[in-house]
Amino acid sequence: MTTLPFVQKRDYSLTGPSARRAVELGLASAEWYHSEVPRKVMKELMQRRDGPALRDTAIWIGLLVLSAAGGIAFWGSWTAVPFFMVYGVLYGSACDSRWHECGHGTAFRTQWMNDVVYHIASFMVMRNPVSWRWSHARHHTDTIIVGRDPEIAFMHPTGILPNLLHFIGILDIWASFKVLLRNAAGILTADERDYIPEREIPKAILAARIHVAIQGAAVVAAIWMGSILPLMLIGGPRIYGCWHMFMTGLIQHGGLAEDVVDHRLNSRTVLMNPISRWIYWNMNYHVEHHMFPMVPYHALPRLHALIKHDLPPANPSIWSAFREMVPAILRQRREPGYYLRRELPPTARPYREEFHTTVPERASMG
Amino acid sequence: MTKWIEACGLDDIEPEDVLRFDHGGASFAIYRDPAGAFFATDGLCTHERVHLADGLVMGDQIECPKHNGRFNYKTGAALRAPVCVNLRIYPVRVAGDRVEIGLEETQ
Ligand code: FES
């Protein structure tokens, strides 16, 4: 058997040759494919309500308080473990979907409620609430366009160990904390300055300082008490409870085509159990979310039912998504331009084929 | 001098909704507020030039369909990131059963 060499690392920076090439090829801020939905129906789907998010947030906070109380009460015995397992996922994973949906402003109808939950969730997920708002806007403008999208999870060729370590958050929390520390010191990278407007930078610095101060206070409390309990409650869940966030996050785009302007090609909708869908706030309908970011999480199942004739079949489970993604990611380590091609049902409007044929060339150019 | 251009019929827009109107190579958005009054702005978002007519009208705000930035369509004020630049507004009048938008002679 001949072993292929690893592909050359693509340039994923936002200021390098890939960025220039994406602009030249018309991939930056391009017009993306949308399934057809009558305006009247879309208007109805986009309607904002406070009810569903108030209910979910009350359950979320209630469970956080109860599981934390159980963990504290049984601290020092094995009985505390299940409480922290629940608390960890609610803090270290559910924060991501709350951050995301409230960042879009679609969770609640009342704007200040979106803002409050957004800031709390940003703290939990250890993201600068200002800079990530802008990076996520870019992710929606240029989804998985190399040189443009700052939120590409798999940068080819991707390392196996770092991806495994994601599930216990060690690398990620350290990387996130370094960014917060750097921002708190008033330093922003060229990439950050590429997507954050100048006038927002002081806000980004202030937010980073607040986050660092609270995380720092938890560390001081742990030292002072001679116990890791404060860190089990603040910051720590981002390590021991983030596995669900990565499990669902990696399959959003993993293994699919880069540099295409059709979300049906580069995003994955995965059917999931109701608990995961609640933790993830329905972001498993990922193609639908990217096509129509105005539709709140609670309306995504209805949107999915409406346009699924125009989308590749959804993966029937998280397991099935990993089973197709992992071999593809491994192959992408050695084969430039390889991607998983989504199959459309006969009822769908066709892809623009040139996207598929040009992807390998672009991969080797990057 | 203001030139009044017919944009749409009164019944073409439901209350609390928006309609795209293209004229002279430019795109405009015509709004009807919940009380039934009409307003007009530039049709493209000041963030990334996406058609606002695909967005959602809530009260006196329009939310852009791309990144959920918001404007007050009555004043043009940019209200929610990622929009930072205000939207240009235009006068509107109702003539019979038609809605007209007032454009400067050069437009
Ligand atoms: S294009 Fe309108 S908010 Fe970005």
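Below, each value reflects all heavy atoms present in this structure, side chains not excepted, and no hydrogens, waters or symmetry copies. All of these numbers come straight from a predicted model, not from anything done at the bench. Chain naming here is simple, since letters A, B, ... match the order of the sequence lines and numbering starts at 1 in each.
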Peer 1: Does this structure show an ion pair linking A/Arg48 with B/Glu63, if we count only N-O contacts that are shorter than 4.0 Å?
Peer 2: yes
Peer 1: What are the two closest non-hydrogen atoms of A/Trp134 and B/Ala81, and how far apart are they?
Peer 2: CZ2-CB, 4.0 Å
Peer 1: Would you mind checking which part of B/Cys84 comes under 4.5 Å of any heavy atom in chain A, side chain (CB onward), backbone (N, CA, C, O), both or neither?
Peer 2: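 Looking at B/Cys84, backbone and side chain both touch chain A.
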Peer 1: Minimum heavy-atom separation for B/Pro65 to A/Pro293, with atom names?
Peer 2: O-CG, 3.5 Å
Peer 1: By number, which residues in residues 99-109 of chain A have some heavy atom less than 4.5 Å away from chain B?
Peer 2: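 The residues closer than 4.5 Å to chain B, in numerical order, are A/Cys102, A/Gly103, A/His104, A/Gly105, A/Thr106, A/Arg109.
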Peer 1: For the pair A/Lys43 and B/Glu16, evaluate salt bridge (charged side-chain N to carboxylate O under 4.0 Å, His left out) and give the outcome as yes or no after the intermediate values.
Peer 2: CA-CA 10 Å; A/Lys43 217 179 116 182; B/Glu16 209 168 27; over 6 Å; no
Peer 1: If you compare all heavy atoms of B/Cys64 against all heavy atoms of A/Met294, which two are closest, and at what distance to 0.1 Å?
Peer 2: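 That would be O-SD, 3.0 Å.
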Peer 1: By the salt bridge (charged side-chain N to carboxylate O under 4.0 Å, His left out) test, which pairs, at least two apart or in different chains, include something from residues 47-58 of chain B?
Peer 2: none
Peer 1: Answer yes or no: is there a donor N or O on one side and an acceptor on the other, between the side chain of A/His140 and the main chain of B/His67, under 3.5 Å?
Peer 2: no
Peer 1: Just wondering, more than 12 heavy atoms not from A/Glu44 lying within 6.0 Å of its CD?
Peer 2: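 Counting other residues, nucleotides and ligands, CD of A/Glu44 stays at 12 neighbours or fewer.
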Peer 1: So for A/Gln111, is it side chain, backbone, both, or neither that comes closer than 4.5 Å to the heavy atoms of chain B?
Peer 2: side chain
Peer 1: How far apart are the C-alpha atoms of A/Arg39 and B/Val18, what are their side-chain angles, what is the distance that settles it, and do they pass the side-chain contact (heavy atoms from CB on, under 4.5 Å) test?
Peer 2: CA-CA 10 Å; A/Arg39 168 80 188 161; B/Val18 56; 3.6 Å; yes
